[in-house]
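What you see is a predicted model, and the numbers here were worked out from it, not measured in a lab.
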Amino acid sequence: MACVTYVVSVDTCLPGGSAELDALQREGVLFLLRKGIDAIEAVEGPDGVEVEIFDSILAAHPGGALLKLFVDAPDLETAEDAVREATGEILEQSELLSEWQITKCEVELHPDIAQQSLDAADGPDVPPADPAARAAQHAEARAEAATAGKLTDEEAEAMRATVRAMAPRLTAFGLDSFGWHEDDEECHVDREHAELAAGALVYAVDLLVDQLFHDVKTLTEARKSVAECDGLLGYLDDLPEQFAAQYTALFARRFLVTAVSLTGRLTRDEFVQLGCVAEEFLLTFLLREAEVVLDTYGLLNEGITTAWEVFADEVLEDAEYELWYETTMDDAGERADATTPEVGALNVERWFTPFDERCFIHPYAANEAV
């Protein structure tokens, strides 16, 4: 069955009587929506027809959020029905968005993409089956549709000022940790980019901690591990999936407490080093959240990316967390015999074990058995 590419525009709004969203709350909404969309590979439409979502654009405003989903479907009605169902499910699975309403779900048929799909449906130029390849093929046409979801210049500039003003609150690190040096005219990062990089980390703290609170609540209510939980999760879903059965509600609480401890130390003068593997994971999540914040407002650029790379090279040097994504059951057992026979590399308890005697791990989270 030939498919056409559709742009489905969905308007969502706050429940009646709710206060308008501030800038920070809008970032949180975008995070939850993005996580929900990323978790969906395809939606089953009427008569079992599979509708594939291969790209999306999100924008939040004081009264709600706008979603533009790019889908391949056999007809307009199927595309609209599938996207409405998917959006409703995303809202319902998030406690913070469960009372939101869908006020519009309409198909926008982009003429260039539609004609290309129709012309190629039965010929040698049929769009590639691989979603990534097809997304790349349609990138130019999608960019035209994307302009409708962009924020205004005034909003972007207001956000720039807000984030730069937060940079001094990251007192554990100076701007030199982001590559800017006052007396070095040849440094590769200018002051503004270093301030935006530092300030975005501070801004992202609330988003990180709030989402971890949500994850704790979801697992606690489900009484299941991440591997068994059907609820919408945030950062816990981004940890190495081969250990998902060990990510219980207790683990989530320890991970949350570690996040609070870590982010608190970032805004104090003394910061010796990251204390454990869990803190390494959390700092990478914080960096990623900061990137999303700036990218959403059109503020992300190469200079800021370079500033974060300098920071990561300093703070995450020789980090162990990356090895856990590569670890399989067999080689983890071998590594456990070689390095941690008491704990075993398969046990995420090790993530809360301090690297050395200088490291502070919150008593609630600390693995005191080692």
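- The 12-atom threshold is not exceeded at CD of Glu92, counting heavy atoms of other residues, nucleotides or ligands nearer than 6.0 Å.
- For the pairing with Val83, the side-chain contact (heavy atoms from CB on, under 4.5 Å) check across Val51, Ile102, Leu69, Leu67 returns one residue only, Leu69.
- In plain terms, the two heavy atoms of Ala307 and Ala197 that are nearest each other are CB-CB, 3.7 Å.
- Taking the side chain as every heavy atom from C-beta outward, Val71 and Glu52 never approach each other to under 4.5 Å.
- Cluster annotation: Trp100 and Leu96 are assigned to the same hydrophobic cluster (Ile/Leu/Val/Met/Phe/Trp/Tyr, side-chain heavy-atom contacts under 4.5 Å, transitive).
- Proximity of Leu219 to Thr248: side-chain heavy atoms (C-beta onward) are nowhere separated by under 4.5 Å.
- Side-chain contact between Leu212 and Leu282 is present, with at least one heavy-atom pair separated by less than 4.5 Å.
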When you look at Glu291 and Arg288, which way does the salt bridge (Lys or Arg N to Asp or Glu O under 4.0 Å) test go after all the steps?
-> CA-CA 5 Å; Glu291 180 179 358; Arg288 190 181 66 189; over 6 Å; no
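- Residues Thr258 and Cys276 share a closest heavy-atom pair of CG2-SG, 4.4 Å.
- Ring centroids of Phe173 and Phe311 are separated by less than 6.0 Å, placing the two rings close together.
- With a 4.5 Å cut-off on side-chain heavy atoms, Leu266 and Leu286 count as touching.
- Leu66 is not listed as a side-chain neighbour of Val10, based on a closest heavy-atom distance of 4.5 Å or more.
- Counted by atom type alone, Glu314 and Ser177 present one or more donor-acceptor pairs between their side chains at under 3.5 Å.
- Phe281 has its ring centre less than 6.0 Å from the ring centre of Trp351.
- Residue Gln211 comes nearest to Leu32 through the heavy atom pair OE1-CD2, 2.9 Å, listed as atom of the first residue, atom of the second, then distance.
- Classification of the Tyr325-Tyr321 ring pair by plane angle, with boundaries at 30° and 60°, yields perpendicular.
- Ser225 has its side chain out of reach of Gln246: every pair of non-hydrogen atoms, C-beta onward, lies at least 4.5 Å apart.
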Decide yes or no on side-chain hydrogen bond (donor to acceptor under 3.5 Å, both in side chains) for Glu289 and Tyr235, but give the supporting numbers first.
-> CA-CA 10 Å; Glu289 191 63 54; Tyr235 293 108; 2.3 Å; yes
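- Note on Trp308: it clusters hydrophobically with Tyr297, by side-chain heavy-atom contacts below 4.5 Å among ILVMFWY residues.
- With hydrogens and angles disregarded, a donor-acceptor distance shorter than 3.5 Å links the side chain of Glu279 to the backbone of Gly275.
- Using a distance-only test at 3.5 Å, with no hydrogens or angles considered, no donor-acceptor pair links the side chain of Ser18 to the main chain of Leu14.
- By the 6.0 Å and 45° rule, Arg254 does not stack over the aromatic ring of Tyr364.
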Under the side chain to side chain contact (heavy atoms under 4.5 Å, CB included) criterion, do Leu287 and Leu316 qualify, and how do the steps go?
-> CA-CA 11 Å; Leu287 283 164; Leu316 286 167; 4.3 Å; yes
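- In the hydrophobic cluster analysis, where Ile, Leu, Val, Met, Phe, Trp and Tyr join through side-chain heavy atoms closer than 4.5 angstrom, Trp180 is grouped apart from Ile304.
- Shown are Asp238, Asp215, Asp237; of these, the salt bridge (charged side-chain N to carboxylate O under 4.0 Å, His left out) with Lys35 is made only by Asp238.
- When each of His181, Arg191, His193 is paired with Leu175, the side-chain contact (heavy atoms from CB on, under 4.5 Å) condition holds for Arg191 and for no other.
- In this structure, Cys229 and Thr218 have side chains that are in contact, with non-hydrogen atoms separated by less than 4.5 Å.
- No side-chain N or O of Asp81 forms a donor-acceptor pair with one of Thr78 less than 3.5 Å apart.
- Judged purely by atom type and a 3.5 angstrom limit, Arg26 uses its side chain to pair as donor or acceptor with the backbone of Leu21.
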Worked verdict on Glu349 versus Thr353 for side chain to side chain contact (heavy atoms under 4.5 Å, CB included) | CA-CA 7 Å; Glu349 287 282 331; Thr353 301; 5.9 Å; no
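- The environment of CD in Glu241 is sparse: at most 12 heavy-atom neighbours from other residues, nucleotides or ligands sit within 6.0 Å.
- Atom CG in Leu256 sits 10.0 Å away from atom CZ in Arg253 (nearest 0.5 Å).
- Residue Ser94 holds its OG atom at 4.5 Å from NE2 of His214, rounded to the nearest 0.5 Å.
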Could you walk me through whether Glu85 and Glu80 pass the side chain to side chain contact (heavy atoms under 4.5 Å, CB included) test, one step at a time?
-> CA-CA 9 Å; Glu85 179 182 345; Glu80 181 174 305; over 6 Å; no
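- Not one N or O on the side chain of Thr12 forms a donor-acceptor pair closer than 3.5 Å with the backbone of Gly64.
- Enclosure of atom CZ in Arg169 is not indicated, since only 12 or fewer non-hydrogen atoms of other residues, nucleotides or ligands lie within 6.0 angstrom.
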Does the salt bridge (Lys or Arg N to Asp or Glu O under 4.0 Å) test come out yes or no for Glu89 and Arg84, once each step is laid out?
-> CA-CA 9 Å; Glu89 182 178 342; Arg84 180 183 293 274; over 6 Å; no
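- In terms of hydrophobic clustering, with Ile, Leu, Val, Met, Phe, Trp and Tyr side chains grouped at heavy-atom distances under 4.5 Å, Ile361 and Phe355 are assigned to different clusters.
- Between the Thr263 side chain and the Ala259 main chain, a donor and an acceptor come within less than 3.5 Å of each other.
- Here the two rings, on Tyr247 and Phe243, have centers that are 6.0 Å apart or farther.
- For the pair Phe352 and Val277, the minimum side-chain heavy-atom distance is 4.5 Å or more.
- Transitive grouping of hydrophobic side chains (ILVMFWY, heavy atoms separated by less than 4.5 Å) brings Val260 and Leu201 into a common cluster.
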